[in-house]
Protein chains: 2
Amino acid sequence: MERLLDIAEVSDRSGVSPSGLRYYEKRKLIVAVARNGLRRQYEPAVLQELALINLAKSAGYSLDEIGSVLRRPGATVIPRDVLVEKAGSLEEQAKRLVNLAKMLRHVADCPYEDHFECSRFRKLLIVATKVTNC
Amino acid sequence: MERLLDIAEVSDRSGVSPSGLRYYEKRKLIVAVARNGLRRQYEPAVLQELALINLAKSAGYSLDEIGSVLRRPGATVIPRDVLVEKAGSLEEQAKRLVNLAKMLRHVADCPYEDHFECSRFRKLLIVATKVTNC
DNA sequence: CATTGACTTGAAGTTGACTTCAAGTTGTAG
DNA sequence: CTACAACTTGAAGTCAACTTCAAGTCAATG
């Protein structure tokens, strides 16, 4: 029998505020499996779900999109090709971020005041935005 | 003498709506260099700026942050170490996205209904969130 | 030279993701 | 067994980033 975590502990360990946790519950991203009095109690696994939620949010997904994935178990499965496609666009976005990082590193050492006048900068920008999808 | 672009053309070519362009102008992210009657006219270079804005937005930067970079030319320069640090966190985020992509590819081929029950999935999640900063 | 349609403005409205609030409840420490 | 800190609720408020609106302007077309 696994120990349950109360909302304060989940908040501390996940970095999500208690009101945020309640909000996620309302949006059906997570569930509180029990109450201690009025206080929500969570399974430890919720920490993993929250880690996934934070990750997906930082990747630009909305809570709706994340929720539709998280609510899947027991429901219909996301088609394989949709998953593979999403993986592909995440990888593209990752490349864009790496290129943006390269731009910043270049700017750090570039003498131009207005970086749009620097040809190297412009080339990096073109590369960085070339992969733009969505 | 370079040809100016009017708002409709900039909107079409950048993917940013006319109202979005006006909003960016109000926020001082871009400038309209002229008017044809009341209609804003832009330098072609604005397309590059908009590409950078879109890129930075997708990387999670707010318009304020982006604007503070874009408004720099002529003003003070961003310290080198700040740039390098930002580059580093972008690269970390890129790694997280790649790991999230790996997770999705795994899920595409994994038989588990509830992926949190799959040990490979959990491992990928731990890896993907390990790099979590900020 | 009158019409039209694409723009203009400032203000108000919307959406997503929360946060804050006021009033109430309750497990636990003293 | 009382007090209190930490939760509870639903509703309202906030913030960023736009969008929509109503009323007006004007370049270009017929």
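Residue numbers begin at 1 in each chain, while the letters A, B, ... track the order of the sequences. FYI, side chains are in, hydrogens and waters are out, and symmetry mates aren't considered; it's all heavy atoms of this structure.
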Any donor-acceptor pair under 3.5 Å from Arg40(A) side chain to Ile7(A) backbone: no
Exam field: side chain Gln93(B) to backbone Ser58(A), donor-acceptor pair closer than 3.5 Å: yes
Distance test, side-chain N/O of Tyr24(A) to OP1/OP2 of dC18(C), below 4.0 Å: yes
Contact state string [nucleotides 5-14 of chain C, B base, S sugar-phosphate only, - no protein heavy atom under 4.0 Å]: BBSSB-----
Under 4.0 angstrom between Ser17(B) side-chain N/O and dT19(D) OP1 or OP2: yes
Between C1' of dT15(C) and CG of Leu63(A), the distance in whole Å: 12 Å
Separation of atom CD1 in Ile53(B) from atom P in dA16(D), rounded to whole Å: 17 Å
Reference residue Lys86(B); test side chain to side chain contact (heavy atoms under 4.5 Å, CB included); the match among Leu90(B), Leu83(B), Val82(B): Val82(B)
Interatomic distance, Asp64(A) CG vs dG16(C) C1' [rounded to whole Å]: 9 Å
Phe121(B) and His115(B) aromatic ring geometry - parallel, tilted or perpendicular at 30°/60° bounds: tilted
Non-hydrogen atoms of Cys118(B) and His106(B) that approach each other most closely: SG-NE2, 3.3 Å
Whole-Å distance separating the OH atom of Tyr23(A) from the C1' atom of dT20(C): 15 Å
Atom-pair distance (CG on Leu21(A); P on dC7(D)), nearest Å: 11 Å
Bending between helix ends of the helix from dC1(C)-dG30(D) to dG30(C)-dC1(D) [5 pairs per end, 10° resolution]: 0°
Rounded distance (Å) that lies between atom P of dT26(C) and atom CD of Gln41(A): 15 Å
Sugar-phosphate only, base, or nothing, as touched by Ser19(A) at under 4.0 Å among non-hydrogen atoms: base
Salt bridge (charged side-chain N to carboxylate O under 4.0 Å, His left out) contacts touching residues 50-68 of chain B (sequence neighbours left out): Arg27(B)-Asp64(B)
Contact nearer the 5' end of DNA chain D, comparing Ser62(B) with Gly37(B): Ser62(B)
Transitive ILVMFWY side-chain link Val10(A) to Val16(A), under 4.5 Å: yes
Between C1' of dA27(D) and CG of Leu4(B), the distance in whole Å: 16 Å
Test salt bridge (Lys or Arg N to Asp or Glu O under 4.0 Å) applied to Arg3(B) and Glu9(B), step by step: CA-CA 12 Å; Arg3(B) 195 185 134 242; Glu9(B) 189 164 3; 2.9 Å; yes
Nearest-0.5 Å distance, CD1 of residue Ile53(B) to CG of residue Leu63(B): 7.5 Å
